[in-house]
Amino acid sequence: MANLRTQVGIIGAGPAGLALAHLLHLQGIESVVLERHTREYVETRVRAGVLEQGTVDILCGSGVGERLKREGLQHEGVELRFDGKGHRIDFQELVGKSITVYAQQEVVKDLIAARLGYGVPIYFEAEAIRIEDYQDNPKIYYLRDSQNHEIACDFIAGCDGFHGICRPAVPEGQLQIHERHYPFAWLGILAHVPPASHELIYTYHERGFSLLSMRSPEVSRLYLQCVPDEDIEKWPDDRIWEELRTRMATREGFVLKDGPIFQKGITPMRSFVATPMQFGKLFLLGDAAHIVPPTGAKGLNLAVADVRVLTRGLVEFYKHRNRELLSQFTERCLRRVWKCQRFSWWMTSMLHRFPQEDSFSHNIHHAELDYVTSSRAASTSLAENYVGLPFDTPGLF
Ligand code: APR
Ligand code: PHB
């Protein structure tokens with residue numbers, strides 16, 4: 001059994017784990033990153049792709065933003081579409097900020113390349129199987145090449161996502177779960193066709209929600225609302241394009257060209273928060289602690305926001321032996337987590353058709369969309385949430 005010792009044991013090489021390892025490295029704080037999948041798997045896993053201004057600033061400020069700046073698509077606004085008419089929310093004009101469309105797996109690739117670039121390993125195909133004694137002398141036990149290994153560390157960062165081992169390691173009763181399940185899901189596609197719009201289009205339609213997004217000037221990313229247990233076999237390509245065209249149609253004759261679909265998948269919709277996010281020397285970050293429905297494009301950005309809070313706390317601890325910020329980890333993260341949960345729930349409620357919706361609810365959807373797109377105050381509120389609320393603590397970048 002090979003034993004390792006480090007300052008921070010990080011479980012998971014998703015955006016949370018990799019961003020944390022990187023920011024800590026820049027502050028001279030050592031870490032070991034365990035990832036149960038292969039490098040290729042985490043670098044090709046299709047996930048979302050909208051970065052808040054604050055996330056872009058952290059990635060660029062920490063030296064992993066070169067490709068992001070070159071290949072990321074900066075958007076100054078977004079369109080809300082309903083009743084066959086589009087309404088643009090102008091982020092620049094309303095809040096002086098923008099978003100960047102840059103796929104999550106590209107962020108993951110950049111962070112992995114950076115870490116391997118400064119010669120610090122990431123243990124891929126290393127599955128953490130147990131964590132222990134995280135109140136005093138934290139230990140992580142993991143399996144690699146069918147060998148058992150152990151890491152002794154000062155702190156454990158549970159960045160192992162929703163299905164990881166860290167949150168379930170917290171004894172029953174110590175964790176409170178706050179959640180909302182939605183009676184629908186998203187059928188998402190990637191297609192080799194230039195995006196039919198240079199900005200994202202969120203559409204409310206009586207047949208259900210749809211979203212036009214993109215990955216590059218050649219690759220479109222589109223989603224449509226479906227039932228939670230949708231059988232993707234029942235969605236041949238031409239049916240998907242036809243449904244997207246129906247939902248996104250406008251009076252001006254919006255044209256949605258189709259193209260070869262090279263990826264198809266169903267994304268479940270849930271809102272989930274586990275509290276607290278700290279148990280002694282164990283910290284839960286990102287999807288390990290909270291899940292947002294993708295309508296508000298907050299998942300990855302919230303993971304990076306948690307990383308920012310923990311990094312500041314660990315810097316304070318290792319530089320000044322001051323545990324104050326670390327002890328406020330949950331409180332500092334949850335302020336932003338719940339605001340993003342509210343925004344994501346609100347966007348989801350406003351833009352999706354709920355089963356058995358009566359005419360009253362249908363008209364409330366319309367009134368909400370009409371208000372948001374005709375009131376400067378309401379569209380400013382949407383804009384400031386969408387581009388990313390300001391961080392309420394001074395950052396490292
Ligand atoms: N041992 C090692 N690695 C593990 C283990 C384990 N026991 N369990 C899970 N992992 C790894 C997963 O394989 C995954 O690569 O932890 C990583 C968790 O990464 P994410 O699920 O991407 O979670 P996070 O880093 O918090 O990023 C949140 O990801 O899912 C999107 O929309 C979400 O954008 C959000 C972002
Ligand atoms: C995406 O590009 O995948 C995307 C964009 C916006 C969302 C969700 C997903 O709200």
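Whatever order the structure lists ligands and atoms in, that order sets their numbers, starting from 1.
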Q: Specify the closest pair of heavy atoms between E52 and N385, including all atoms of both residues, with the distance to one decimal.
A: OE2-O, 4.4 Å

Q: Which of the numbered atoms in ligand 2 are below 4.0 angstrom from a heavy atom of Y202?
A: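 Result: 6 (C), 7 (C), 10 (O).
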
Q: For atom 27 (O) of ligand 1, which candidate among P15, G14, G286, A13 provides the closest heavy atom?
A: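 When every heavy atom of P15, G14, G286, A13 is considered, P15 comes closest to atom 27 (O) of ligand 1.
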
Q: If you measure from atom 29 (O) of ligand 1 to every heavy atom of Q104, H290, E127, R144, which option wins on shortest distance?
A: Q104

Q: Can you list the ligand 2 atoms lying under 4.0 Å from a non-hydrogen atom of R221?
A: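 Listed by number with element: 3 (O).
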
Q: Could you verify whether a donor N or O on one side chain and an acceptor N or O on the other, from H290 and D306, lie under 3.5 Å apart?
A: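 Their side chains do contain a donor-acceptor pair, which is all the 3.5 Å distance test asks for.
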
Q: Hey, looking at atom 8 (C) of ligand 2, which of P293, P294, G296 has the closest heavy atom?
A: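 Of the listed residues, P294 has the closest heavy atom.
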
Q: Among A16, P293, C159, whose heavy atom sits nearest atom 25 (O) of ligand 1?
A: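 Ranked by closest heavy atom to atom 25 (O) of ligand 1, first place is A16.
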
Q: Under 4.0 Å from a heavy atom of G164: which atoms of ligand 1 are those, numbered in the order shown and with their elements?
A: 8 (N)

Q: Could you establish whether A126 and ligand 1 come within less than 4.0 Å of each other, counting only heavy atoms on the residue side?
A: yes

Q: Side chains of R45 and Q104: donor-acceptor distance under 3.5 Å anywhere?
A: no

Q: Just going by heavy-atom distances, which of E125, R47, R36 is nearest to atom 22 (O) of ligand 1?
A: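 Nearest heavy atom to atom 22 (O) of ligand 1 lies in R47.
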
Q: Would you please indicate yes or no on a ring centroid separation below 6.0 angstrom for H149 and Y141?
A: no

Q: Got a salt bridge between D370 and K85, using NZ or NE/NH1/NH2 to carboxylate O under 4.0 Å?
A: no

Q: Using a heavy-atom cut-off of under 4.0 Å, does the side chain or the backbone of L200 touch ligand 2, or both, or neither?
A: side chain

Q: Quick one: does H163 get within less than 4.0 Å of ligand 1, heavy atoms only?
A: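 So H163 does not count as touching ligand 1.
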
Q: Can you tell me if A48 contacts ligand 1 (heavy atom of the residue under 4.0 Å from the ligand)?
A: no

Q: Should the pair R323-E316 be classified as a salt bridge under the 4.0 Å nitrogen-to-oxygen rule?
A: no

Q: Return the closest protein heavy atom for atom 5 (C) of ligand 2 as residue, atom name and distance.
A: V50 CG2, 3.5 Å

Q: Have a look at I11, L285, D287 and point out the one with the heavy atom closest to atom 28 (C) of ligand 1.
A: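 When every heavy atom of I11, L285, D287 is considered, D287 comes closest to atom 28 (C) of ligand 1.
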
Q: Any ion pair linking R115 and E35 (charged N to carboxylate O, less than 4.0 Å)?
A: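 Looking at E35 and R115, the cut-off is not met.
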
Q: Give a yes or no on whether a salt bridge exists between R245 and D258, defined as a side-chain N under 4.0 angstrom from a carboxylate O.
A: yes

